[in-house]
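A quick write-up on the structure given underneath.
We number each residue from 1, following the sequence as shown.
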Amino acid sequence: MVGFMVKKLRMGQILNNLWLILVLFALGGFLCWKMGPGLFDLLKGPKRLTSESNLESMEGKYVSWEVKYPVDEYMETTKTTKINGVSTGTKKKSSSWLVIDYDRGICLSVEVPVKRFEEMDAQADIFYEFLEQETEMELDVDGIVVAGTLEVLEGEELSYFKQLASYAGLPVEAKVYHIGDGVIKGESKTNIYGLMAIGVFILLMGIFILVKTLKNSAGKLVDKYLESHPGITMERLESDFASAQEVSKVWVGKNWTFSAKLDELLFDNRQVVWVHTGSVRRGRNVNFYVWWYMIDGSEESVSLSSEKKCKAVMEKYNQFSHMLVGNNPEYGYMLQNDREAFLNMKYRSSGMEENMG
């Protein structure tokens with residue numbers, strides 16, 4: 001039968017990691033859900049847009065199309081790079097073109113990354129040279145193949161598209177279709193692969209923490225402690241826990257300290273030589289801690305939500321005559337530079353060293 005102590009520590013373990021597991025699953029799941037359709041399209045490959053293809057039925061699908069008749073660029077997209085909030089310059093990111101669909105007798109919009117601008121510009125030159133020949137035959141050269149999700153052009157982009165079409169004397173359909181080269185479901189290939197990989201990694205992290213929490217359950221850790229301390233019984237631990245003083249999920253008993261925030265869940269108070277509090281800054285965040293220094297040179301610590309809570313835990317150790325309690329910087333200096341003098345201050349003078357022996 002599982003005792004009260006194990007139940008409380010197990011619940012503490014679950015609650016300590018539950019929020020993190022939920023956040024990881026939510027974030028990882030969202031990224032996989034968001035990037036999943038795009039990744040599926042990428043793996044499946046684009047469907048070729050032919051002269052027989054119905055654009056309306058292909059709307060929202062990943063398609064490839066050969067551009068032969070680019071009229072002109074109607075809009076460019078730029079990107080401003082900043083370092084420490086200071087702009088280092090603006091560069092062209094992509095180029096949007098009004099393109100004639102010869103087979104359907106309509107105009108489409110195609111956006112290409114800046115690295116393909118010269119290809120489109122060169123294709124436009126070929127097209128205009130073809131027009132000067134005053135022939136009604138179709139242009140018999142290979143065009144530029146673009147691949148992306150077939151979408152309906154809207155907003156500011158549609159406005160610029162119509163302006164150029166009007167200037168060139170070209171008709172504009174009620175619904176203008178657009179292909180962003182390398183853009184699937186609104187995301188670039190790089191984003192899809194990168195964010196999907198991040199999403200899977202975050203999910204695996206969540207699973208790892210969940211498995212670790214279940215594997216290192218309170219019952220197993222307590223059993224492990226009892227195995228390494230043959231003279232201790234579960235009854236003694238339960239009795240000490242029942243009479244322990246609890247502060248912020250840290251139970252300070254007469255003989256042991258218990259907390260789900262501890263790696264091993266508990267330690268023997270007789271091993272402690274110094275208890276103090278402190279904080280650690282990580283970026284903009286400050287984490288508050290209670291630290292216990294042990295006679296064997298090891299450390300134990302728990303992180304709590306405030307300095308006040310940490311001090312409340314620390315003050316519970318004033319009842320013990322063998323350990324130093326407080327944030328006196330002299331204690332830390334002596335521990336590092338004159339361990340013998342440090343131990344003589346309380347640990348040895350209380351007779352604890354003989355009792356441990």
pair [X]-[Y]: side-chain heavy atoms closer than 4.5 Å:
| X | Y | answer |
| --- | --- | --- |
| Ser94 | Val112 | no |
| Lys34 | Leu31 | no |
| Glu187 | Val183 | no |

For the student: nearest non-hydrogen atoms of [X] and [Y], plus distance:
| X | Y | result |
| --- | --- | --- |
| Ala218 | Gln13 | N-OE1, 2.8 Å |
| Phe127 | Lys68 | CB-O, 4.1 Å |
| Gly36 | Met196 | N-SD, 4.1 Å |
| Cys32 | Gly199 | SG-C, 3.8 Å |

Got a sec, which residues hit side-chain contact (heavy atoms from CB on, under 4.5 Å) with [X], two or more places apart in sequence or on another chain?
| X | answer |
| --- | --- |
| Glu118 | none |
| Leu324 | Trp274, Tyr331, Phe342, Met345, Lys346 |
| Pro37 | Lys185 |
| Lys175 | Glu56, Glu59, Val152, Tyr177 |

Original post:
Got a donor-acceptor contact below 3.5 angstrom from the Ser64 side chain to the Val146 backbone?
Top reply: no
**OP:** Could you tell me whether a side-chain N or O of Asp338 sits under 3.5 Å from a main-chain N or O of Met334, the two making a donor and an acceptor?
**Re:** no
Original post:
Would you say the side chains of Glu156 and Tyr160 form a donor-acceptor pair under 3.5 Å?
Top reply: yes
Original post:
Can a donor-acceptor pair be found between the side chains of Ser279 and Asn287 at a distance below 3.5 Å?
Top reply: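 Short answer, no.
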Under the ring pair (Phe, Tyr, Trp, His ring centres under 6.0 Å) test, residues paired with [X] that sit two or more places apart:
| X | value |
| --- | --- |
| Tyr289 | Trp291 |
| Trp97 | Phe117 |
| Phe25 | none |

Cationic N near anionic O, under 4.0 Å, [X] to [Y]:
| X | Y | value |
| --- | --- | --- |
| Lys93 | Glu111 | no |
| Glu66 | Arg48 | no |
| Arg116 | Glu119 | yes |

Side chain to side chain contact (heavy atoms under 4.5 Å, CB included) partner of [X], chosen from [options]:
| X | options | answer |
| --- | --- | --- |
| Val114 | Lys92, Glu76, Lys79 | Lys92 |
| Trp65 | Asp101, Asp181, Leu150 | Asp101 |
| Leu221 | Val6, Leu9, Leu265 | Leu265 |

**OP:** Please test Arg348 against Glu340 for salt bridge (Lys or Arg N to Asp or Glu O under 4.0 Å), starting from the C-alpha separation and ending with a verdict.
**Re:** CA-CA 9 Å; Arg348 286 173 176 160; Glu340 295 300 311; 2.5 Å; yes
Original post:
Does CE belonging to Met234 count more than 12 external heavy atoms closer than 6.0 Å?
Top reply: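 For Met234, atom CE is crowded (more than 12 foreign heavy atoms under 6.0 Å).
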Original post:
Hydrophobic cluster mates of Val275, side-chain heavy atoms under 4.5 angstrom, ILVMFWY only, any path?
Top reply: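 Taking Ile, Leu, Val, Met, Phe, Trp and Tyr as members, Val275 shares its hydrophobic cluster with Val247, Val250, Val252, Leu262, Phe267, Val272, Val290, Trp292, Met294, Val302, Leu304, Val313, Met314, Tyr317, Phe320, Met323, Val325.
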Original post:
What's in the same ILVMFWY side-chain cluster as Phe288, cut-off under 4.5 Å, chained through other members?
Top reply: Val286
**OP:** Name all pairs fulfilling the salt bridge (Lys or Arg N to Asp or Glu O under 4.0 Å) condition that reach into residues 271-295, sequence neighbours left out, sorted by first residue then second.
**Re:**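 Non-adjacent pairs meeting salt bridge (Lys or Arg N to Asp or Glu O under 4.0 Å): zero.
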**OP:** Please collect all salt bridge (Lys or Arg N to Asp or Glu O under 4.0 Å) contacts where either partner lies in residues 301-327, sequence neighbours excluded, each pair once.
**Re:** Glu307-Lys311
Original post:
Does one hydrophobic cluster hold both Val23 and Phe208, with members joined at side-chain heavy-atom distances below 4.5 Å?
Top reply: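 In one cluster: yes.
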Original post:
Are Leu24 and Leu195 joined in one hydrophobic group, where the rule is that I, L, V, M, F, W and Y side chains link up if heavy atoms are under 4.5 Å apart?
Top reply: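 Linked, Leu24 and Leu195 end up in one cluster.
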Subject >> Contacts of type side-chain hydrogen bond (donor to acceptor under 3.5 Å, both in side chains), residue His322, not counting sequence neighbours >> reply: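 If we apply the side-chain hydrogen bond (donor to acceptor under 3.5 Å, both in side chains) test to His322, skipping adjacent residues, there are no hits.
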